[in-house]
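Report on the following structure.
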Amino acid sequence: MLRYSWRFTILALGITSICCAQTLREAADRDGILIGTAVRPPQLSEPAYASTLAREFNIVEAEDAMKWWILRPDQATYDFRQGDEVVRFAQAHQMKVRGHCLVWGRYNPDWLTQSHFTTQQLSQLLQEHITRVMQHYAGQVFAWDVVNEALDENGAVRDSLWYNQPGIGLSGQGKDYIEQVFRWAHKADPHALLFYNEAEGEGLNRKSDAIYAMVKDFKRRGAPIDGVGLQLHVPALDADIPAIAANIARLAALNVQVHITELDVSLPVNANGLPRPEDLTRQADVYRGIVRACLNSAGCTAIQTWGFTDKYSWIGSHSRGARGHALPFDRAYAPKPAYRAVMEELSAGRSPAH
Ligand code: 9MR
């Protein structure tokens with residue numbers, strides 16, 4: 001009898017380890033997909049934050065720590081301390097690191113935007129920045145958002161410091177400046193995967209058409225681009241999932257990878273800061289649909305949320321408290337319906353066609 005129950009226990013344990021992943025990262029590892037989140041270094045010393053992060057995710061991205069405004073307090077200084085903290089945490093927990101972001105028209109330090117640099121000086125500053133930062137993280141950051149949010153809602157190139165104010169010397173020449181910085185990035189770290197990352201171009205619209213056309217053109221001419229980051233900050237519960245799936249599929253057909261880079265689904269909150277209970281269920285459906293759309297396309301290789309606990313999210317301050325609860329864990333690190341939906345989809349795996 002004793003013998004039988006031991007055998008039974010061993011068999012049961014074996015079945016559990018074959019059948020059921022216990023965490024998002026276990027399920028994602030089985031699918032061969034990356035599941036990640038943006039992180040803020042000061043929070044890494046909070047035990048509940050750190051243990052949840054290490055347990056659930058196999059990839060991290062610095063929410064801000066690798067942006068110009070943190071890395072470059074002044075022209076002469078590169079301050080890698082916060083970015084290095086993220087890398088150290090990742091290495092200690094066998095996680096990959098995505099880099100974000102080398103070129104963005106917004107949130108640049110005042111010394112950069114207000115010094116009236118010439119195009120030649122700006123071009124030199126940008127190439128030097130890309131080279132120095134990518135070489136510092138070579139072998140540690142496997143993929144970079146090289147350019148972030150360069151297009152407007154019509155798919156036109158946005159006015160910016162790097163494009164035409166005054167730009168790096170390619171003003172008025174559309175996406176040429178984007179191509180130029182991808183070429184610099186490839187030279188700086190030929191092993192890193194290079195992504196174009198964009199907001200609100202996730203479904204089928206003029207912006208996503210323009211991203212598609214740009215990637216197609218870059219690939220045809222041999223400009224170094226490896227992927228497109230779809231941010232997916234979802235502000236409404238009626239997200240058009242079939243359109244997102246179609247966009248992922250058409251990008252993947254260009255032979256680039258797609259990463260979902262900044263997923264969150266924000267909810268309206270009442271005066272006490274609470275969402276409607278039924279919205280949490282609908283939110284889970286949106287998460288489920290997006291994760292499924294990614295899993296169904298072999299070219300979609302990573303899914304990241306923009307933070308993972310409602311305790312720390314950009315949504316609250318951005319919406320002046322009107323919205324929140326956008327992430328898969330609540331403020332006490334308890335999994336929400338959205339977490340369970342992601343877990344179920346990852347556990348179900350990629351579609352049989354792949
Ligand atoms: O969440 C980020 C917030 O903490 C920063 O203050 C802000 C400016 O650097 O950037 C936020 O992250 C943005 C990301 O870098 C690019 N896509 C939109 C994100 C939310 O605004």
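Note that ligands are numbered from 1 as they come in the structure, with each ligand's atoms numbered from 1 the same way. Numbers here simply count residues along the sequence, with the first being 1.
Residue Trp104 has no N or O atom closer than 3.5 Å to an N or O atom of ligand 1. Ligand 1 has no nitrogen or oxygen under 3.5 angstrom from a nitrogen or oxygen of Tyr107. Taking only nitrogen or oxygen atoms, main chain and side chain alike, Trp314 does not reach within less than 3.5 Å of ligand 1.
Here Arg106 has no heavy atoms under 4.0 Å from ligand 1, in either its backbone or its side chain. Under 4.0 angstrom from ligand 1, there are no non-hydrogen atoms of His318.
Looking from atom 10 (O) of ligand 1 to the surrounding protein, the closest heavy atom is Lys67 NZ, 2.9 Å. Considering only non-hydrogen protein atoms, atom 1 (O) of ligand 1 sits nearest to Glu63 OE2, 2.4 Å. For atom 16 (C) of ligand 1, the closest non-hydrogen atom on the protein side is Glu149 OE2, 3.2 Å. Among all non-hydrogen protein atoms, the one lying nearest atom 4 (O) of ligand 1 is Asp64 OD2, 2.8 Å. Looking at atom 19 (C) of ligand 1, its nearest protein heavy atom turns out to be Glu262 OE1, 3.3 Å.
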| Arg98 and Asp145: CA distance, side-chain angles, deciding distance, salt bridge (charged side-chain N to carboxylate O under 4.0 Å, His left out) verdict | CA-CA 8 Å; Arg98 268 191 113 257; Asp145 288 332; 2.8 Å; yes
| task | I would like to know whether Arg292 and Asp285 meet salt bridge (charged side-chain N to carboxylate O under 4.0 Å, His left out); could you show each step before the answer? | result | CA-CA 10 Å; Arg292 178 48 46 204; Asp285 291 340; over 6 Å; no
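Close contacts of ligand 1 with Trp69, meaning ligand atoms under 4.0 Å from a residue heavy atom, involve 9 (O). Each of the atoms 16 (C) of ligand 1 lies under 4.0 Å from some heavy atom of Asn148.
Side-chain contact, Asn197 with Glu262: a donor N or O sits under 3.5 Å from an acceptor N or O.
Using a 4.0 Å cut-off between charged nitrogen and carboxylate oxygen, Arg183 and Glu179 count as a salt-bridge pair. For the pair Arg25 and Glu56, the salt-bridge criterion is not met [side-chain N within less than 4.0 Å of a carboxylate O].
With a 6.0 Å radius and a threshold of 12 heavy atoms from other residues, nucleotides or ligands, Gln121 has its CD atom above the threshold.
Aromatic ring orientation, Phe57 versus Phe329: perpendicular (interplanar angle above 60°, classes split at 30° and 60°). Taking the six-membered ring where the residue is Trp, Tyr333 and Phe308 present tilted rings, their angle falling between 30° and 60°.
Under a 4.0 Å heavy-atom criterion, Arg40 is in contact with ligand 1.
Once rounded to the nearest 0.5 Å, the distance linking CG of Asn58 with CD of Glu26 reads 11.0 Å.
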